[in-house]
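Bear in mind that the values here come from a model prediction, so they are computed numbers and not experimental data. The figures here come from the full heavy-atom set of this structure, side chains too, leaving out hydrogens, waters and symmetry mates.
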Amino acid sequence: MTATPEPPPAWRARGRLLALDRPRILGILNVTPDSFSDGGLFFPADAALARAERLLEEGADIIDIGGESTRPQGAEPVSAAEERRRVVPVVRELRRRWPEAWLSVDTVKAEVAAAALGEGADIINDVAALRLDDRLGELCARTGAGVILMHSRGTVSDMGTYRHAAYGERPVAEILAELRARVDVALAAGIAPESIAVDPGIGFAKRGEHSLALLAALPRLAAWGHPVVVGVSRKRFIGEITGVKTPSERVMGTVGANVVALTRGARLFRVHDVRPSREALDVAWAILRAAPDEHEGAR
Ligand code: HH2
């Protein structure tokens with residue numbers, strides 16, 4: 001097994017530090033009527049709160065709240081006003097119920113991010129890595145928000161499709177160069193380096209082969225010195241390998257991919273089904289730490 005680079009000890013968001021001395025899980029809380037794998041099950045707000053409680057009980061470290069889907073079939077874009085209507089009351093109520101919880105908001109829009117940060121959200125999870133709203137970088141810099149910069153191409157409606165999945169000879173190098181450019185944009189906007197996490201964007205403008213190659217290449221991404229986030233949960237490449245057609249039944253494949261991503265330097269894992277990945281990652285982590293010489297990145 002190749003040694004992976006040492007990740008940073010912590011991720012800074014709004015003045016607080018999330019220690020990365022163990023795998024961290026982002027539990028997905030979709031407040032959309034059209035999310036691909038749990039299609040509107042956790043909408044509206046009271047159901048969203050019950051779901052958040054379960055995510056925390058099962059061991060989520062961060063709740064990732066999303067009000068706009070990027071589903072693979074091509075998603076319906078929603079207005080900033082509608083996205084705010086879905087997300088903001090949930091952030092407010094979660095913050096009230098769990099003052100210490102880490103709250104992330106999955107949005108590409110500065111207007112939504114500003115409202116969510118105003119209610120106490122800690123992290124902005126931008127699947128467009130500041131490509132789609134040029135006010136978002138400055139907002140995150142000013143508020144000290146943690147930021148996830150995820151690689152994607154295209155718009156919210158088509159980034160989950162294969163429309164932009166054409167690459168040359170070296171897809172991984174191309175994707176990493178595009179993501180690196182977004183990190184530079186974030187730094188130029190004034191976001192602190194220790195607040196930036198990076199995500200290869202599994203399945204976003206990527207066919208299965210691209211997603212696999214990127215997961216294999218995670219040590220290269222980890223070498224940048226930012227925490228690495230992966231979102232493999234229930235995704236198409238898992239269905240292609242296992243033959244499991246129903247996204248909600250892709251739990252085992254999700255767990256397998258997360259464990260390998262951990263060994264290759266990822267420290268944050270965005271999942272729908274928290275308990276299986278929590279248990280698997282904790283066990284994998286304990287083993288990796290028992291053999292520190294072979295797993296530099298696991299210390
Ligand atoms: N994947 C989805 C949404 N947000 N954020 C990050 N950082 N990384 C990801 O891989 C990622 C993400 C997929 O979105 P969607 O199709 O809406 O489904 P769901 O939110 O149920 O995962």
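Contact detail for A114 and L139: the closest heavy-atom pair is N-CD2, 3.5 Å. Heavy atoms only, all atoms of each residue included: G67 and V78 are closest at O-CG2, 3.9 Å. Summarising the geometry of V274 relative to G59, their closest heavy-atom pair is CG1-C, 3.7 Å, with the distance given to 0.1 Å. Pairing each heavy atom of G265 with each of V228, the nearest pair is O-CB, 4.1 Å. Between A189 and A141, the closest heavy-atom pair is O-CB, 3.3 Å. The two residues F237 and G208 come nearest to each other via the heavy atoms CB-CA, 3.9 Å.
Taking 4.5 Å as the limit, every side-chain heavy atom of R275 sits out of range of all side-chain heavy atoms of I25. Here the side chains of K206 and I175 are in contact, with some heavy-atom distance below 4.5 Å. Residues P7 and L20 form no side-chain contact, since every pair of their non-hydrogen atoms from C-beta on lies 4.5 Å or further apart. Using a 4.5 Å heavy-atom cutoff, the side chains of R92 and R96 are not in contact. Looking only at side-chain heavy atoms (C-beta outward), W11 and I62 come within less than 4.5 Å of each other. For the pair V90/L29, a side-chain contact is recorded, criterion being any heavy-atom separation below 4.5 Å from C-beta on. Two residues are said to be in side-chain contact when any heavy atoms from C-beta on lie closer than 4.5 Å; R270 and V230 fail this criterion. Residues W98 and I63 are not in side-chain contact: their nearest non-hydrogen atoms beyond the backbone lie 4.5 Å or more apart.
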Please report the C-alpha distance between L176 and L221 in whole Å, then the side-chain angles of each, then the deciding distance to 0.1 Å, and finally whether the side chain to side chain contact (heavy atoms under 4.5 Å, CB included) criterion is met. CA-CA 7 Å; L176 293 185; L221 185 55; 4.1 Å; yes

Kindly determine whether I123 and V147 satisfy side chain to side chain contact (heavy atoms under 4.5 Å, CB included), including the steps that lead there. CA-CA 6 Å; I123 294 160; V147 183; over 6 Å; no

Chi angles and distances behind the salt bridge (charged side-chain N to carboxylate O under 4.0 Å, His left out) call for E58, R278: CA-CA 8 Å; E58 292 192 357; R278 178 81 276 164; over 6 Å; no

Residue pair R86, E68: steps toward the salt bridge (charged side-chain N to carboxylate O under 4.0 Å, His left out) verdict: CA-CA 9 Å; R86 295 175 184 180; E68 181 172 53; over 6 Å; no

Under the side chain to side chain contact (heavy atoms under 4.5 Å, CB included) rule, what do E111 and R84 come out as? Steps first, then yes or no, please. CA-CA 8 Å; E111 187 182 327; R84 281 175 64 158; 3.5 Å; yes

Give the intermediate values and the outcome of side chain to side chain contact (heavy atoms under 4.5 Å, CB included) for residues V108 and V156. CA-CA 8 Å; V108 301; V156 166; 3.8 Å; yes

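Sequence neighbours left out, not one pair with a member in residues 218-233 passes salt bridge (charged side-chain N to carboxylate O under 4.0 Å, His left out). For residues 244-268, there are no ring pair (Phe, Tyr, Trp, His ring centres under 6.0 Å) pairs, not counting sequence neighbours. Pairs passing the ring pair (Phe, Tyr, Trp, His ring centres under 6.0 Å) check and including a residue from residues 173-198, sequence neighbours excluded, do not occur.
Both tests pass for R207 against the ring of Y162: distance under 6.0 Å to the centre and angle within 45° of the axis.
We find that E82 and R85 are joined by a salt bridge, their nearest charged nitrogen and carboxylate oxygen being less than 4.0 Å apart. The pair R142-E138 meets the salt-bridge criterion, with a side-chain N (NZ, NE, NH1 or NH2) lying under 4.0 Å from an Asp/Glu carboxylate O.
R16 meets the side chain to side chain contact (heavy atoms under 4.5 Å, CB included) test with R95, E100, W102, D122; sequence neighbours excluded. Scanning for side chain to side chain contact (heavy atoms under 4.5 Å, CB included) contacts around A205 gives R153, H164, Y167, with sequence neighbours left out.
Rounding to the nearest 0.5 angstrom, the gap separating the OG1 atom in T32 from the CD1 atom in I65 is 13.0 Å. Expressed to the nearest 0.5 Å, how far CH2 of W224 lies from CG of L179 amounts to 4.0 Å. With values rounded to the nearest 0.5 angstrom, K109 atom NZ is found 9.0 Å from D133 atom CG. Residue D61 holds its CG atom at 13.0 Å from CZ of R267, rounded to the nearest 0.5 Å. I148 CD1 to D126 CG: the interatomic distance, rounded to the nearest 0.5 Å, is 9.5 Å. Here the CG-CD1 distance, from L149 to I191, works out to 6.5 Å after rounding to the nearest 0.5 Å.
Cluster annotation: L103 is not connected to V88 through the hydrophobic network of ILVMFWY side chains, with a link wherever side-chain heavy atoms come within less than 4.5 Å. Criterion: ILVMFWY side-chain heavy atoms under 4.5 Å apart, direct or through other members. Under it, L94 and L56 are part of a common hydrophobic cluster. The cluster map of Ile, Leu, Val, Met, Phe, Trp and Tyr, joined by side-chain heavy atoms under 4.5 Å apart, puts L49 and V31 in the same cluster. Linking Ile, Leu, Val, Met, Phe, Trp and Tyr whenever their side-chain heavy atoms come within less than 4.5 Å leaves M252 and V232 in two separate clusters. In this structure, I202 is a member of the same hydrophobic cluster as L218, with clusters built from ILVMFWY side-chain heavy atoms closer than 4.5 Å.
Panel note: side chain R22, backbone W285; no donor-acceptor pair is recorded below 3.5 Å. Remark: the backbone N or O of F204 is not paired with any side-chain donor or acceptor of S152 at under 3.5 angstrom. Between the side chain of E83 and the backbone N or O of V112, no donor-acceptor pair lies under 3.5 Å. Formation of a donor-acceptor pair under 3.5 Å by the R135 side chain with backbone atoms of A110 is not found in this model.
Checked by atom type, the side-chain pair S277/N258 shows a donor-acceptor distance below 3.5 Å. Under 3.5 Å, the side chains of D158 and T155 contain a donor-acceptor pair of N or O atoms. R234 and T246 share no donor-acceptor pair across their side chains, judged by distance under 3.5 Å alone.
Within 6.0 Å of the CZ atom in R180, the count of heavy atoms belonging to other residues, nucleotides or ligands exceeds 12. The environment of CZ in R163 is sparse: at most 12 heavy-atom neighbours from other residues, nucleotides or ligands sit within 6.0 Å.
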Anything under 3.5 Å between a donor and an acceptor, one on a side chain of residues 192-200, the other on a protein residue two or more places apart or in another chain? List them.
unit_1: S195; atom_1: OG; unit_2: R12; atom_2: O; d: 3.0
unit_1: D199; atom_1: OD1; unit_2: G201; atom_2: N; d: 2.8

